[in-house]
A.B. asks: 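One structure, as structure tokens, below. Some questions next.
Values reported hereafter were calculated over all heavy atoms of this structure, with side chains retained and with hydrogens, waters and symmetry mates removed. Numbering starts at 1 and runs along the sequence shown.
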Amino acid sequence: MTDIKAVCNGADIFMNGEITETSSELPKYKINIKSPRTDIDKWLNKDLKGKILSEKTFEMISQLQIGGKVDLDIDISNGQQDKPEYKILVNCLNNTVDLKKFALSLKDITGQLTIAANKMEITNLSAAIANSIQTETEKPRIRISGTVSADANGINSALLGLKANDIAFDNRLGLALAGELKKVYRQIAPTGRFDLYFEKIKMTKSQINRKQLELVGNVIFKNCSFGSNRGIDKFNGELQLDCLYRLGSGMEDAEFFLTAQNMLVKKRLLENLKMPIVYKAKTKTMIIDEFVADCLGGKIIGSAKLNNSSPNLPGQYDFRLSFDNVDAAEFIRPASEQRGRINGMAGGELDIHGNINDDASHIGRLRATISKLKERPSGPIEKLRTAVTEIVTGVTFTDMVMDSYIRGRELYIEQFSLYGPFVWLKGAGRFDLNTHNIDLELSLYSFDSEKEPSFIESLTAGLSPALLKVKVFGIYSNPKIKSIPLLFFKIPFGFFDILS
């Protein structure tokens, strides 16, 4: 048969091939059929259902609601068992797919599908996301290559590679997730865009006939934010992952490695973040063994653990953080909030545990120091110094030390010390982490050294009469300060030199 032309499903077809007589009842045949620009919907319904694909597989494909026209190249022959064998090449011509279950539509689909008995090869399949915002630099597109195998019960295995760029975090993505991932997605409320590079997406069936995905690849985050209040913002980084995901139940054991060029955490800049993450499915525990980042001119190092194994009280956490040589002004209050800033270099440790869903459960310890304090007219330290100099003139503070513990949403300050040349202001109090109300009671002492008081000097200063009492209360960024002199005259700063 040479160049036989006909019409099928409203489209032209061209047929070539041969039929060879044999000693058996059925002859051997080998036929090639080409059909340019045929309607894919008619072809799927009339020719594939129950003939080339099982009804189960056909139902899954038909749910995609594929639209448009394709070029078909079909080889048909009868094999060793005298059963028809098919090999179908489908060249997509800017087709569409409507995934109503996920409120997702694809358009401009190109690439090639090769369909054979219970197997489909995907070659350079590319699609754009419909109804997505596109700019000159952001044109969301998905690319897939690989193989998919099926049996009478539908798709049973797959091995794919996937690339996607400029995908938006939105409600449609949340609908596509299952199990714990859908819940987590809603909690973290992500915004922004990301790229996907999955070198391996392997779908298999477990021993109990449940489908599972093995995922190996990278996610590139581009100017993203997380949390309803954008606690993490302007996040630019990469997540490497190697995990097993069971369809319908959620994540199994997984390993992640997160890096970030830059990000804002509560409006504070972190750079060069490196964070290894391990997830244990049996205990529903996420472990961050050690993370490190550059922070406002210094370094932070920390570790964390989040345990969701308790059905009645998920969200148990442990968190440890050390910071050194960090810009205190930015660390305590970011640049966008000018009031209440302290200039200097901060260091310290935070160790806290509790439950993220229960404010009353937080228990921890915070130790912090600030050196090289600089005067700032609107800052609380300068306001404190001004209040002190109304009674003791010439006082300056160069360093701060705080030792405190956390219980619930309260910070209990066991020791708060400000010291400078010849003076030491120390005391205790509390700070409300919700309202930012502070309540401190301090006393000013003198000692004959321009350096931090020694242990002996600390003892003697504590035993010697205080020069004045200072009470600090109200909102931290703009506190009220009340000074109570314990000597009934104004003390010039040089008085300390005379005594020493």
A.B. asks: Would you mind checking if Lys163 and Asp195 are paired as a salt bridge, meaning a charged N to carboxylate O distance below 4.0 Å?
C.D. replies: no
A.B. asks: Just so I know, are the side chains of Thr369 and Asp399 near enough to count as touching, which here means a heavy-atom distance under 4.5 Å?
C.D. replies: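 A side-chain contact under 4.5 Å is absent here.
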A.B. asks: Between Asp166 and Lys222, does at least one N-O distance fall below 4.0 Å, as a salt bridge requires?
C.D. replies: yes
A.B. asks: Which value, rounded to the nearest 0.5 Å, describes the distance between Leu433 atom CG and Asp359 atom CG?
C.D. replies: 9.5 Å
A.B. asks: Donor-acceptor check, side chain of Ser483 to backbone of Ala387, threshold 3.5 angstrom: yes or no?
C.D. replies: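 Confirmed, Ser483 side chain pairs with Ala387 backbone.
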A.B. asks: Judged by atom type as modelled, is there a donor-acceptor pair below 3.5 Å linking the side chain of Asn236 to the main-chain atoms of Asn223?
C.D. replies: yes
A.B. asks: Could you tell me which non-hydrogen atom of Ile144 sits nearest to which non-hydrogen atom of Ile122, and how far apart they are?
C.D. replies: O-CG2, 3.5 Å
A.B. asks: Can you confirm whether the side chains of Asp98 and Ser105 place a donor and an acceptor under 3.5 Å from each other?
C.D. replies: yes
A.B. asks: Backbone N or O of Lys107 within a donor-acceptor pair of the Thr96 side chain at under 3.5 Å?
C.D. replies: no
A.B. asks: Which pair of non-hydrogen atoms, one from Asp318 and one from His353, has the smallest distance, and what is that distance?
C.D. replies: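 That would be OD1-CB, 3.0 Å.
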A.B. asks: Give a yes or no on whether Asp289 atom CG has more than 12 heavy-atom contacts from other residues, nucleotides or ligands under 6.0 Å away.
C.D. replies: no
A.B. asks: Phe291 vs Phe319 aromatic rings, parallel, tilted or perpendicular, using cut-offs 30° and 60°?
C.D. replies: parallel
A.B. asks: Whether the Ser417 and Gln415 side chains hold a donor-acceptor pair (N or O, under 3.5 Å, no angle test) is what I'd like checked.
C.D. replies: yes
A.B. asks: Parallel, tilted or perpendicular for His362 and Tyr317, by the 30°/60° rule?
C.D. replies: tilted
A.B. asks: Within a reach of under 6.0 Å around NZ of Lys471, are more than 12 heavy atoms found that belong to other residues, nucleotides or ligands?
C.D. replies: yes
A.B. asks: So, are Asp294 and Lys299 salt-bridged, with charged N and O less than 4.0 Å apart?
C.D. replies: yes
A.B. asks: Which pairs count as salt bridge (charged side-chain N to carboxylate O under 4.0 Å, His left out) when at least one residue sits in residues 403-417, sequence neighbours excluded?
C.D. replies: Arg365-Asp403, Arg365-Glu414, Arg367-Asp403, Glu410-Arg430
A.B. asks: Scan residues 249-270 for pairs that pass ring pair (Phe, Tyr, Trp, His ring centres under 6.0 Å), counting only residues two or more places apart or in two chains.
C.D. replies: none
A.B. asks: Please determine if Lys426 forms a cation-pi arrangement with Tyr445, meaning its NZ or CZ atom is less than 6.0 Å from the six-membered ring centre and no more than 45° off the ring axis.
C.D. replies: yes
A.B. asks: For Lys280, does its backbone N or O pair with a side-chain atom of Thr285 as donor and acceptor, under 3.5 Å?
C.D. replies: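 Here the side-chain-to-backbone pair does not exist.
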A.B. asks: With a 3.5 Å cut-off and no angle check, do the side chains of Asn355 and Gln316 form a donor-acceptor pair?
C.D. replies: yes
A.B. asks: Does the Asn218 side chain pair with the main chain of Gln240, one donor and one acceptor, at a distance under 3.5 Å?
C.D. replies: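 No.
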A.B. asks: Would you check if the side chain of Asp233 reaches a backbone N or O of Ser225 as a donor-acceptor pair within less than 3.5 Å?
C.D. replies: no
